[in-house]
K.L.:
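I'd like to ask some things about the structure below.
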Number of protein chains: 2
Amino acid sequence: MATDQSAPERTPAEQHGYIQIADDLRLQIQNGELAAGDELPSLSELVQKYGAGQQTARRAISVLQAQGLITSSQGKRPVVRGSRTRVTRSNRQHHLEKERIRLPEEERRVQGPLEDTTGISLHDATLNVTYREVVADESTPEFETGTPLLRREYETTGKRGNRIAWSVSWIPLAFISSNPDLLDSSNEPWPGSTQHQFSTVGIEIAEVVDTITARAPDTVEAARWGMSPGEPLLVGRDLMRDTQDRVVCVSLSQYPADSTQMEFVTPLPKADQ
Amino acid sequence: MATDQSAPERTPAEQHGYIQIADDLRLQIQNGELAAGDELPSLSELVQKYGAGQQTARRAISVLQAQGLITSSQGKRPVVRGSRTRVTRSNRQHHLEKERIRLPEEERRVQGPLEDTTGISLHDATLNVTYREVVADESTPEFETGTPLLRREYETTGKRGNRIAWSVSWIPLAFISSNPDLLDSSNEPWPGSTQHQFSTVGIEIAEVVDTITARAPDTVEAARWGMSPGEPLLVGRDLMRDTQDRVVCVSLSQYPADSTQMEFVTPLPKADQ
DNA sequence: GAGTGGTCTAGACCACACG
DNA sequence: GTGTGGTCTAGACCACTCC
């Protein structure tokens, strides 16, 4: 009976063979029986141990990979993934940038925005900036459709062309056209933050709203970031409001979740006595 | 030649058949040629169109599923997933809770923390609270190992037993043992927030730090939340500091990324003139 | 060269949806 | 009952790693 499905292993709780194998291995990983860096059993060992076909064992492995618990590559046994150290991206930065606005340019340059947000020094990375004039459409619902915008795209890539950081921002041209320097991408990296750029046209930022969510990357995105399967992409959409309560800048940024964490500090006013 | 791999379709750019099929369909989805709710071609149609084996076509479908672009179920063709509306979880809440502390109990009860954070009314949901006394270990690195803690677990489930919200928090017993009501889970849901609970023992919260990341759920988690494949889990770790700069509470919370977004508002101090 | 995972084909049975 | 996806087996070639 070549295709007899009623294998003796099957229990009502664990309906499918590949899930049973995957769960068994998963528990070993979560228990610590298999520690980070350890090798998993080879496919043929799994086939023998669980009495399953090779494709079933393969599928179990691919489930664990999708859950981000293991990595696997050709010619080598699958390996238990360790937790990577994450770069912290904090909203404390918003405050620091505001304080730095009034420093002279030399001091503002000391540590640029790239180091701040990525923790990576410029020696190993290339920043690529693209400015383009566009009009607001459904991708920028915060602005009325048709509003002329400056679209600035920042991509930081590592030595091997892998993406390290990426963001886009949109600013209504009307707010910044009074300072032509702001429209010229050859002035990047600007010594200071977006907040400082706004200060040169008399706009003061009063509030930043960050909205965070996450999603699975598609094939192209995963390849660009060098992400391993099972690793989500953190997606942030930020919005800056000025002291007149106008939305002056919207930005979209992405980070691989296994190497990034976002931190938000909320100071609470002291209770009045 | 049954196992001849050099199919005419293969180009150097698209090395593998299943990736080629998946990418082709992905582009159709991202272009809008296939809109949310539309059915994908059936497996046999894909087999015919791409001249591939059925398993290859299946694999392409499973890639799209892992990317969160489609849903698929037995007996029906795969369907393009629409973007779900997300519940916003905001740090504005931290401020609001602080203001509510001094209201009389009846007014505090008007809208409970559950509605605030989940947007779901209590009629459709069940809140399950578990209190336990534990000691600090490696899961609570913010406290010295061995410190006695109160561990409070909150699970909100929907009508069909599906998890809607979940969090755990740890509080050093020394801070709250002076008010025995705080140690008794039958007082839940407490009329007001954790901030209010601390106010009953003379502790005022000065700062909340939220740290956000994301990861793929494992089999059990995905089943508990009723998450579809390819949907990441947002994980938050929050920390409350009091006016004496002591860490008084640590909590861990999880949400399905496709139905949740986190919002953080950072007000910036006005520049002094 | 042996071990091992990655991809692919061919063929089968089962479970579910829909008319 | 027919269509359709979900699971499984058996067998094959390829690509990579390591000795």
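Here is how names work: the chains are called A, B, and so on, in the same order as the sequence lines, proteins then strands, and each is numbered from 1. Heavy-atom basis, side chains included; hydrogens, waters and symmetry copies ignored.
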K.L.:
In whole Å, what is the span from the CD atom of B:Q65 to the C1' atom of D:dT4?
P.N.:
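The distance from CD of B:Q65 to C1' of D:dT4 comes to 15 Å, rounded to the nearest Å.
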K.L.:
Between C:dC13 atom P and B:Q54 atom CD, what is the distance in whole Å?
P.N.:
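Taking CD of B:Q54 and P of C:dC13, I get 14 Å after rounding.
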K.L.:
Which nucleotide sits closest to the side chain of B:Q55: D:dC8, D:dG5, C:dT7?
P.N.:
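Between D:dC8, D:dG5, C:dT7, the one nearest the side chain of B:Q55 would be D:dC8.
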K.L.:
Identify whether any heavy atom of A:R59 sits under 4.0 Å from a base atom; if not, whether one sits that close to sugar-phosphate; answer base, sugar-phosphate or nothing.
P.N.:
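It contacts sugar-phosphate atoms only.
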K.L.:
In terms of side-chain geometry, is the basic nitrogen of A:E263 or A:R92 positioned less than 4.0 Å from the acidic oxygen of its partner?
P.N.:
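Judged by the 4.0 Å cut-off on N to carboxylate O distance, A:E263 and A:R92 do form a salt bridge.
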K.L.:
Could you check A:Q261 against A:T88 for side chain to side chain donor-acceptor pair (under 3.5 Å), going step by step and ending with a plain yes or no?
P.N.:
CA-CA 5 Å; A:Q261 62 181 6; A:T88 300; 2.8 Å; yes
K.L.:
Using whole Å, what does the distance between atom P of nucleotide D:dT9 and atom CD of A:Q48 come to?
P.N.:
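One finds 15 Å between P of D:dT9 and CD of A:Q48, rounded.
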K.L.:
Would you please test A:R81 and A:E231 for salt bridge (charged side-chain N to carboxylate O under 4.0 Å, His left out) and show each step?
P.N.:
CA-CA 11 Å; A:R81 278 182 76 176; A:E231 179 181 336; 3.8 Å; yes
K.L.:
Whole angstrom is fine here: how far is it from CD1 in A:I21 over to P in C:dG5?
P.N.:
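These atoms are roughly 13 Å apart.
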K.L.:
Would you call B:E155 and B:R163 a salt bridge, taking side-chain N to carboxylate O under 4.0 Å as the test?
P.N.:
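Yes.
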K.L.:
Using the closest heavy atom to pick a nucleotide of DNA chain D for each, name whichever of B:L43 or A:G53 lands nearer the 5' end.
P.N.:
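Whichever sits nearer the 5' end wins; that is B:L43.
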K.L.:
With nearest nucleotide decided by heavy atoms, which residue, B:R58 or B:Q74, maps closer to the 5′ end of DNA chain C?
P.N.:
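On the 5' side of the pair lies B:R58.
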K.L.:
In a table with atom names and distances, give each donor-acceptor pair under 3.5 Å that connects a side chain of residues 53-64 of chain B to protein atoms at least two apart or in another chain.
P.N.:
residue	atom	partner	partner atom	Å
B:S62	OG	B:R59	O	2.9

K.L.:
Side chain of A:S72, heavy atoms from C-beta onward: which of D:dG6, C:dG5, D:dT7 has the nearest atom to it?
P.N.:
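The nucleotide sitting nearest to the side chain is C:dG5.
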K.L.:
Output the rounded distance in Å from OH (A:Y50) to P (D:dT7).
P.N.:
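Between P of D:dT7 and OH of A:Y50: 18 Å.
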K.L.:
Would you mind telling me which residue lines up with the more 5' stretch of DNA chain C, A:I61 or A:G75, judged by nearest nucleotide?
P.N.:
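Mapping each residue to its closest nucleotide by heavy atoms, the 5'-most match is A:G75.
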K.L.:
Between C:dT7 atom P and B:Q20 atom CD, what is the distance in whole Å?
P.N.:
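Taking atom P of C:dT7 as the reference, CD of B:Q20 is at 14 Å.
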K.L.:
Please determine if a side-chain N or O atom of A:R77 lies less than 4.0 Å away from the OP1 or OP2 oxygen of C:dG3.
P.N.:
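It does not, given that no N or O in the side chain of A:R77 lies less than 4.0 Å from OP1 or OP2 of C:dG3.
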K.L.:
Rounded to whole Å, how long is the line connecting atom NE2 of A:H16 with atom C1' of C:dC14?
P.N.:
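Roughly 10 Å, once rounded to whole Å.
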K.L.:
Using OP1 and OP2 only, check whether a side-chain N or O of B:T56 sits under 4.0 Å from C:dT9.
P.N.:
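Indeed, a polar side-chain atom of B:T56 lies that close.
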K.L.:
Any idea which of D:dT7, C:dT7, C:dC18 is nearest the B:K76 side chain?
P.N.:
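Of the options given, the side chain of B:K76 lies nearest C:dC18.
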K.L.:
Would you tell me if any nitrogen or oxygen in the side chain of A:Y18 comes within less than 4.0 Å of OP1 or OP2 on D:dC8?
P.N.:
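No, no such contact exists.
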